[in-house]
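Numbered from 1 within each chain, the chains take letters A, B, ... in sequence-line order. Computed from a predicted model, the values in this text were never measured in an experiment.
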Amino acid sequence: MKHSTNSEIASRLRETAALYEMDDVAFKPRAYEKAALGIEALDEEAGEIFRARGREGLEAIPGVGRGIAEHIEEMLAHGVFNEYERLKKKVPVEVLELMAVEGVGPRMVKMLWQKLKVRTLRDLEHAARAGKIRKLSHFGAKSEANILRGIEFLKQSGGRRVLGVALPEIERLERSVREFPEVDEAVVAGSVRRRKETIGDIDILAVSKNPKRVMERFLALPEVAHVYASGETKTLVRLTNGLDADLRVVPSESFGAALNYFTGSKAHNVALREMAIKKGWKLNEYGLYKAQILKLKSQNHNSKLKIKNIQIAGKTEEDLYRKLGLVYIEPELREMMGEIEAARNNTLPKLIGYGDLRGDLQVQTDWTDGDNSIEEMAAAARKAGLEYIAITDHTRSLAMTGGMDEKKLLRQMAEIHALNSKIQNTKYKIRVLAGAEVNIRKDGSLDIVDEVLAKLDVVGAAVHSHFKLSRAEQTKRLIRAMENPHVDMIFHLTGRLINKREAIELDIEEIIRAAKRTGTVLEINASPERADIKDEYIKKCVEAGVKMVIDSDAHAISHFAFLSFGIAQARRGWAEKKNILNTLSLSQFLKHLKNTTGSE
DNA sequence: GCCGTTTTCGGCCCGACTGTTTTCAGTCG
């Protein structure tokens, strides 16, 4: 039958957790939840792990023991497992679908099913509209209205947003909060701070001595569309743009602990708390605490014992990690991909910095589908702090973009050379390289002849069609392109467009081996919807010693700003400066390409 | 059901907010 993917396994485990919770079983729900988190954090498919290392491999996954390993094995073979089916038979309800409604959890699902036979989201909506829910004990008109609103929101929200698209608005909101007179400090935490390629909501942390007033000002912002909850220290709202935003206010002595807590990831936080417990301490969003026993004299001369918690860290994140015996862990690494172990052993990578790029090797112009001329792009790149760029317009197979043939490429090359001579005598100190984004045909051949490729400074090859080939065919196709002695790098390897188009199927291990063997560079495409290659592949490249570049894929002068998202992506993949070739000076960079053309 | 630099048994992350209740369970992050 079907073999389950990690996300299918994780959601089945989550559903099992909910079913156990409804059954009033203790501790199992948390165990299944934890196992789901462990599966989600994997950088390899569970199916692969099982094929390679069997049951033992599965049991090595954090949160997975003998029992759940058996369930996973069953899921890999049949998509479901016996215990799940047994539970589901008892409560034949679409638990996950119902729990997706804000404010609805397992207990509520159980009650709704028992009393009103609610099994699906549709049933729930009907029951609420018919006014049946308010009549249940422990429910009222308010709960019913909240459920209806939750269903509405669920219908509208398109799930997670692409970071690069949402970030400008998020930063505007952050600035608004920072400018409240009572706010001493405000910062966006959560997945935005971890720079995940997509984000689910916005977590803002603020320091203030007057939280009440801060909350009032926040609720009065024009972008607040609905208030889910609002208290002294925590407010949760829906914004007019459809995103949810969470504002927390803490005192300054708790800023580091709160920042750490609200940055996540959740699994990372739980691991830190467990470390604290092992040391006999307690970690929460207000700080790291040590219990101190105080002797109090009472009136009848018997002494009474009282426990007082003393804060031992929490004003800064650095403090917190240090006290726990760890070196500071950058937010982009807090995904439980081995960062805690590495921090303990002081073997964390020294991540590439946000100002480390000196070049950009994928830039489009108005010769094809870009908005600006070569010179305009060069000037914008210079303004963005770059020392060199490669002009890489599309080649002819992409007729829709006005793709270039050999003749047009040679003409463009001449123009670039002329521009470089002209630039030498101006204030712009930028070097423009002649390149191309050459199209990889279905069979792995290229649509520009080798003699012309040989004349270019930089050749990037990319897939723009036949996205549905089998894994084996697709892998072979790309390896053939990498074997071309003129192809310096592969642009946006997997072709994914987040929320729009799936990645092509590839044997990534084999691709990385081929890149290493042929000396081909893999691009980290910084265009927010691409973020291609993804973090776990970057980590594999780092481990394999495959070099990468970070490119903006700019189609307009404003697009050089994308580079920071590419750097974030590289950092999430544990990349150091030395792994990314365009942190080098131009002459050093060119030495790493397959054929240096001598134009340097 | 998972896990072990206190443990192979006996623990299991922690606090805020809501709604419907009279002291708290459920939900969320």
**Request:** Apply the salt bridge (charged side-chain N to carboxylate O under 4.0 Å, His left out) test between A/Arg194 and each candidate in A/Glu332, A/Glu339, A/Glu335, A/Glu330; give the one that qualifies.
**Result:** A/Glu335
**Asked** Without hydrogens or angle criteria, can the side chains of A/Tyr537 and A/Asp532 be said to hold a donor-acceptor pair below 3.5 Å?
**Response** no
**Asked** Does one side chain, of A/Glu83 or A/Tyr20, offer a donor that lies under 3.5 Å from an acceptor on the other?
**Response** yes
**Fill in**
Residues at least two apart in sequence or cross-chain that pass salt bridge (charged side-chain N to carboxylate O under 4.0 Å, His left out) with A/Glu73, listed by chain then number, are A/Arg55
**Prompt:** When you check the gap from the basic side-chain N to the acidic O, do A/Arg193 and A/Glu171 get nearer than 4.0 Å?
**Reply:** no
Does [X] put a side-chain nitrogen or oxygen below 4.0 Å from OP1 or OP2 of [N]?
{"X": "A/Thr233", "N": "B/dC17", "result": "yes"}
{"X": "A/Ser143", "N": "B/dT18", "result": "no"}
{"X": "A/Asn146", "N": "B/dG19", "result": "yes"}

**Message:** For the NZ atom on A/Lys539, are there more than 12 heavy atoms of other groups (residues, nucleotides or ligands in this structure) within a distance under 6.0 Å?
**Reply:** yes
**Asked** Could you write nucleotides 23-28 of chain B as a row of B, S and -, 5' to 3', where a protein heavy atom under 4.0 Å of any base atom gives B, of only sugar-phosphate atoms gives S, and otherwise -?
**Response** ---SSS
**Asked** Where along nucleotides 5-14 of chain B does protein come under 4.0 Å, by heavy atom, of base (B) or sugar-phosphate alone (S), with - for untouched nucleotides?
**Response** -S-----BBB
**Prompt:** Under 6.0 Å between ring centres, would you say that holds for A/Tyr228 and A/Phe153?
**Reply:** yes
**Request:** Report the distance from atom CZ of A/Phe262 to atom P of B/dG15, rounded to the nearest whole Å.
**Result:** 12 Å
